[in-house]
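First up is the structure itself, then whatever we jot down about it.
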2 protein chains.
Amino acid sequence: MKQLIEDLSEVFDNRVRLGMMSMLLVNDWVEFNTFKSMLDLTDGRLASHLKVLESAQYIEVRKQFVNRKPNTTYRVTDLGREAFNAHLDALEKLLKMHNATPDAPPPMDGV
Amino acid sequence: MKQLIEDLSEVFDNRVRLGMMSMLLVNDWVEFNTFKSMLDLTDGRLASHLKVLESAQYIEVRKQFVNRKPNTTYRVTDLGREAFNAHLDALEKLLKMHNATPDAPPPMDGV
DNA sequence: AGAAGTACTTTGAAAAACAAAGTTAATGAG
DNA sequence: CTCATTAACTTTGTTTTTCAAAGTACTTCT
């Protein structure tokens with residue numbers, strides 16, 4: 001039990017980053033502005049969550065110019081994909097675990 | 001997408017509380033010390049997480065004496081069960097959503 | 001009276017999250 | 001060339017969350 005919980009990653013202990021990963025798993029390159037509008041985030045907030053994923057080396061960044069405008073896109077790394085799958089595995093096991101907690105004492109129905 | 005993420009509860013944005021809920025879903029009453037040893041928490045840390053769940057009215061508390069010693073046990077409320085299921089539903093939808101993010105521009109392979 | 005166990009509460013500190021404003025680099029209009 | 005604009009950040013300061021460590025209340029046991 002303790003181990004299962006430690007297998008859950010703190011990186012994914014956050015709703016916004018879960019949403020970002022979900023997008024990254026299905027789409028090859030995702031644009032900054034796509035994250036921003038789909039998740040309804042401010043620039044700063046998005047950038048800080050991106051930084052968490054980037055620091056963990058779960059995403060890689062590509063910067064280019066498109067139509068003469070800067071265009072930044074992100075892609076999940078193999079490491080990121082593995083980490084996310086491991087997280088989901090741990091979560092699934094945690095939930096499926098029909099955990100054998102020692103029986104709690106029955107209510108003392110006179111108190 | 002935005003909506004799905006908002007459907008994820010902040011209460012469950014935490015590994016310890018996910019573990020607690022998993023125990024509570026399968027066991028009727030769970031003792032303070034059972035949480036403590038299965039999740040390997042200090043008294044204080046456990047109490048604070050219990051408080052979060054209790055404030056949300058996701059668990060109820062029963063205090064009694066067993067073998068002349070104080071014994072506190074916790075049970076998930078209907079509200080808690082619903083909230084947790086809703087959270088898991090949203091998570092599942094988020095992951096299953098083959099989300100149609102606008103295509104990112106292809107790499108400009110000369111930069 | 002004193003020690004021990006259970007279940008907290010309090011205190012303080014560190015880390016995470018966020019909003020708002022500021023910054024940089026490139027483009028486009030005049 | 002100058003100024004405004006857009007994209008993508010970065011910085012600053014505040015609030016919130018999390019946690020460890022120590023302290024407390026109540027009861028029982030010796």
Side-chain angles (χ1 to χ4, degrees), chain A residues 2 5-6 8-21 23 29-56 58-75 102 104-105 108 111, chain B residues 2 5-6 8-21 23-24 29-56 58-75 101-102 104-105 108 111:
Chain A
K2 184 195 163 194
I5 288 199
E6 281 166 9
L8 294 174
S9 163
E10 301 183 36
V11 174
F12 304 126
D13 245 14
N14 175 288
R15 303 180 295 158
V16 172
R17 289 195 297 270
L18 282 178
M20 291 171 42
M21 287 305 288
M23 291 173 68
W29 291 97
V30 179
E31 294 180 52
F32 187 92
N33 279 318
T34 304
F35 279 128
K36 198 180 142 188
S37 66
M38 294 210 66
L39 301 171
D40 193 35
L41 303 171
T42 59
D43 287 6
R45 199 174 157 199
L46 171 54
S48 72
H49 284 296
L50 284 167
K51 208 168 181 177
V52 172
L53 294 177
E54 210 185 327
S55 302
Y58 289 173
I59 57 175
E60 61 178 300
V61 186
R62 183 184 68 185
K63 284 162 195 288
Q64 56 185 3
F65 277 77
V66 173
N67 301 326
R68 312 255 167 168
K69 283 187 289 189
N71 174 273
T72 311
T73 50
Y74 304 86
R75 176 165 71 173
M108 296 175 70
V111 186
Chain B
K2 184 195 164 195
I5 288 200
E6 280 166 9
L8 294 174
S9 163
E10 302 183 36
V11 175
F12 304 126
D13 245 13
N14 176 288
R15 302 181 296 159
V16 172
R17 290 195 296 269
L18 282 177
M20 290 171 43
M21 287 304 288
M23 292 173 68
L24 287 164
W29 289 98
V30 178
E31 295 181 50
F32 186 92
N33 279 317
T34 303
F35 280 127
K36 197 180 143 189
S37 66
M38 295 209 64
L39 301 171
D40 193 36
L41 302 171
T42 59
D43 286 8
R45 200 175 157 197
L46 172 54
S48 71
H49 284 295
L50 284 167
K51 208 167 179 179
V52 172
L53 293 177
E54 210 186 327
S55 303
Y58 289 174
I59 57 175
E60 61 178 300
V61 187
R62 182 184 68 184
K63 286 162 194 286
Q64 56 185 2
F65 277 77
V66 172
N67 299 328
R68 313 254 164 167
K69 285 187 289 190
N71 174 274
T72 312
T73 50
Y74 303 86
R75 178 164 70 173
T101 297
M108 296 175 70
V111 186

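Every chain is numbered from 1 and lettered A, B, ... according to where its sequence line falls, protein lines coming before strand lines.
Here the side chain of A:H49 is nearest to one of D:dA20, C:dA19, C:dC18, namely C:dC18. Among D:dT28, C:dA19, D:dC19, the nucleotide with an atom closest to any side-chain atom of B:N14 is D:dC19.
Applying the side-chain hydrogen bond (donor to acceptor under 3.5 Å, both in side chains) criterion to A:K36, with sequence neighbours excluded, gives A:D43. Contacts of A:F12 classified as ring pair (Phe, Tyr, Trp, His ring centres under 6.0 Å), with partners at least two apart in sequence or in another chain: A:Y58, A:F84, A:H87. Partners of B:E10 by side chain to side chain contact (heavy atoms under 4.5 Å, CB included), not counting sequence neighbours, listed by chain and number: A:R15. For the side-chain hydrogen bond (donor to acceptor under 3.5 Å, both in side chains) test, residues two or more places apart in sequence or in another chain that qualify with A:K2 are B:D40. Contacts of A:N14 classified as side-chain hydrogen bond (donor to acceptor under 3.5 Å, both in side chains), with partners at least two apart in sequence or in another chain: none.
Rounded to whole Å, atom C1' of D:dT18 lies 14 Å from atom CG of B:L46. In this structure, the CG atom of A:N67 is 17 Å from the P atom of C:dA26, given to the nearest Å. Atom C1' of nucleotide D:dA20 and atom NZ of B:K36 are separated by 14 Å, given to the nearest angstrom. A:R15 has its CZ atom 14 Å from the C1' atom of C:dA16, to the nearest Å. Per the geometry, CG belonging to A:D13 stands 15 Å off C1' belonging to D:dT16, to the nearest Å. A:L41 places its CG atom 9 Å from the P atom of C:dA19, with the value rounded to the nearest Å. Atom CG of B:L53 is separated from atom P of D:dT18 by 11 Å (rounded to the nearest Å). One can place CD of A:E10 at 17 Å from P of C:dA14, the figure rounded to the nearest angstrom.
When each of B:V30, B:L46, B:I59 is paired with B:M20, the side-chain contact (heavy atoms from CB on, under 4.5 Å) condition holds for B:L46 and for no other.
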Output one line per pair: protein atom, nucleotide atom from nucleotides 2-12 of chain D, and distance, for all N/O pairs under 3.5 Å.
{"from": "D:dA7", "atom 1": "O3'", "to": "A:P70", "atom 2": "O", "distance (Å)": "2.9"}
{"from": "D:dA8", "atom 1": "OP1", "to": "A:P70", "atom 2": "O", "distance (Å)": "3.4"}
{"from": "D:dA8", "atom 1": "OP1", "to": "A:T72", "atom 2": "N", "distance (Å)": "2.8"}
{"from": "D:dA8", "atom 1": "OP2", "to": "A:N33", "atom 2": "ND2", "distance (Å)": "2.7"}
{"from": "D:dA8", "atom 1": "N7", "to": "A:D43", "atom 2": "OD2", "distance (Å)": "2.9"}
{"from": "D:dC9", "atom 1": "OP1", "to": "A:K63", "atom 2": "NZ", "distance (Å)": "2.2"}
{"from": "D:dC9", "atom 1": "OP2", "to": "A:T72", "atom 2": "OG1", "distance (Å)": "3.3"}
{"from": "D:dC9", "atom 1": "OP2", "to": "A:Y74", "atom 2": "OH", "distance (Å)": "2.5"}
{"from": "D:dC9", "atom 1": "N4", "to": "A:D43", "atom 2": "OD2", "distance (Å)": "3.4"}

